[in-house]
There are 2 protein chains.
Amino acid sequence: MAGLRERARRAVQAELAAVALELFTERGFDEVTVDDIARAAGVSKRSFFRYFPAKEDAVFGGVQVMGDDIADQLTARPAGEPPWESLHAVLRDWVARIDAESRATLRLIERTPSLRARFQQRREEARSRIAAALAARASLDPFTADLLTSAAGAAVDCASREWLRRGPDADPAHLLDTAFTHLRPACTTP
Amino acid sequence: MAGLRERARRAVQAELAAVALELFTERGFDEVTVDDIARAAGVSKRSFFRYFPAKEDAVFGGVQVMGDDIADQLTARPAGEPPWESLHAVLRDWVARIDAESRATLRLIERTPSLRARFQQRREEARSRIAAALAARASLDPFTADLLTSAAGAAVDCASREWLRRGPDADPAHLLDTAFTHLRPACTTP
DNA sequence: GCCACTTCTGTCATTCGGTGTCATGAATGG
DNA sequence: CCATTCATGACACCGAATGACAGAAGTGGC
């Protein structure tokens, strides 16, 4: 069961994230101080840092959880499937689950350099784990797993940028398909 | 001719960068304050920020200049050459020009998260310019140019990581060749 | 050499992100 | 009911970064 403490903690964290996102989208990330967020949420500046290790981290969370299970889903793919197809399928599933709120967050990230940097950092960590999972599943050497996952990351990046270029009406999944098709590496069929 | 002011400025900037790199490699980026660097170089902390916009920027410079002319070299490639081959050739040339000092810098960057973030940010800007140059030269749509340059960036990343994995004896150019060969996208031969 | 004019520099003060400390009060578990 | 744990706020502190100002030094014209 979830104790009162745990529930309160999650509630405050969600409240802080919501307040922060609102202020950020309204005035821009750099024009909002941690004190602003804390005061708007009715807590002290010190308490903010008890819920988030850094100011940037108040933005992630809705995005972060999604990236965690990609490695698991990857190991659950059919055994004979080529690695590139596995990555494509899993990531296609992932972009399909991105909801409207996450898209607003992604836009904020895309236009804020410091957030972009933090985002790339997290994505790189995730990519590293995914590469390890892929190497274990398909018995690939680390270099090849690195190549495949990095290329997949590039595909996601390009699809994301193209989606931002075209506006929210474009279909992200279709853009990702195009990117994966165009980028299919030579090493998938050795 | 270069006036005394200009020469003095470059000298101080180089001195600051050298001192900073020495302290960073010795004690780690986060364990060195700007005051430390400034004092070791015999200037005030305030003056440091007149030469570099941020602490991280004292590390780049030896690396940055190299990335600037990649777009130019790209436009100078033979007209009929496939885009992927052009990127391969130019970047191969680029890694070949990386000297020992730059390698030490790269190692420092690779093991310092905040430097990595800054580095990725700069590389992304460079990639964007290169994509524009490539699109203009080979009359590609922005999306395809994006895909090719991002994949090339992934190749460089993977080669760099593999090089760090294997130690300084490995040949970076050869690793880059392998990455580019394995990653050759399907869209190079439409 | 002398004199404006610009640029560089150090000093001081300030903002902001982030951390350590400590006392207080509330939740928890027996 | 009581001892322990945990969250909180208040305060001080560090380091990165910026603005303001005064003085030193280079630059160009006379």
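Just so it is clear, the model here is predicted, and its values are computed rather than measured. Just so we're on the same page: letters track the sequence lines, and every chain starts at 1.
No path of Ile, Leu, Val, Met, Phe, Trp and Tyr side chains, each step under 4.5 Å between heavy atoms, connects B:L164 with B:L108, placing them in separate hydrophobic clusters.
Residue pairs meeting the salt bridge (Lys or Arg N to Asp or Glu O under 4.0 Å) criterion with at least one partner in residues 131-144 of chain B, sequence neighbours excluded, do not occur; the list is empty.
Residues B:R77 and B:D72 are not paired through a salt bridge, judged by the lack of any N-O separation under 4.0 Å between the basic side chain and the carboxylate. A:R127 and A:E124 are joined by a salt bridge, as a carboxylate oxygen and a charged side-chain nitrogen come within less than 4.0 angstrom of each other.
In this pair, A:F143 and B:H182 present their aromatic rings tilted. The plane angle is within the 30 to 60° band. Below 30°, between 30° and 60°, or above 60°: for A:F180 and A:W84 the angle between ring planes is between 30° and 60°, a tilted geometry.
Considering only heavy atoms from C-beta on, B:T75 stays 4.5 Å or farther from B:L134 through its side chain.
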For this session: List the steps and the verdict of side chain to side chain contact (heavy atoms under 4.5 Å, CB included) for A:E85 and A:R184.
Result: CA-CA 9 Å; A:E85 302 308 319; A:R184 182 185 314 118; 4.2 Å; yes
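The nucleotide range of DNA chain D contacted by chain B, defined by atoms under 4.0 angstrom from heavy atoms of the protein and reported 5' to 3', is D:dG15 to D:dT27.
Here B:I70 contributes atom CD1 and B:I130 contributes atom CD1; the two are 4.5 Å apart, rounded to the nearest 0.5 Å.
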What side-chain donor-acceptor pairs closer than 3.5 Å can you find for residues 16-27 of chain B, not counting sequence neighbours?
residue: B:T25; atom: OG1; partner: B:L21; partner atom: O; Å: 2.9
residue: B:T25; atom: OG1; partner: B:E22; partner atom: O; Å: 2.9
residue: B:R27; atom: NH2; partner: B:E31; partner atom: O; Å: 3.3
residue: B:R27; atom: NH2; partner: B:D36; partner atom: OD2; Å: 3.0

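Residues A:R161 and B:S150 have side chains that bring a donor and an acceptor to within less than 3.5 angstrom of each other.
Between the axis at the start and the axis at the end of the helix from C:dG1-D:dC30 to C:dG30-D:dC1 there is an angle of 20°, using five pairs per end and rounding to 10 degrees.
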Return the polar atom pairs (N/O with N/O) between nucleotides 26-28 of chain C and the protein under 3.5 Å, or none.
residue: C:dT28; atom: OP1; partner: A:L4; partner atom: N; Å: 3.0
residue: C:dT28; atom: OP1; partner: A:R5; partner atom: N; Å: 3.4

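Atom-to-atom, CG of A:D35 to P of C:dT14 comes out at 17 Å; the value is rounded to the nearest Å.
For residues 44-57 of chain B, proximity to DNA chain C is found at B:S44, B:R46, B:S47, B:R50, B:Y51, defined as any non-hydrogen atom under 4.0 angstrom from a strand atom.
Annotation: cation-pi geometry satisfied between A:K55 and A:F29 (NZ/CZ under 6.0 angstrom from ring centroid, within 45° of ring axis).
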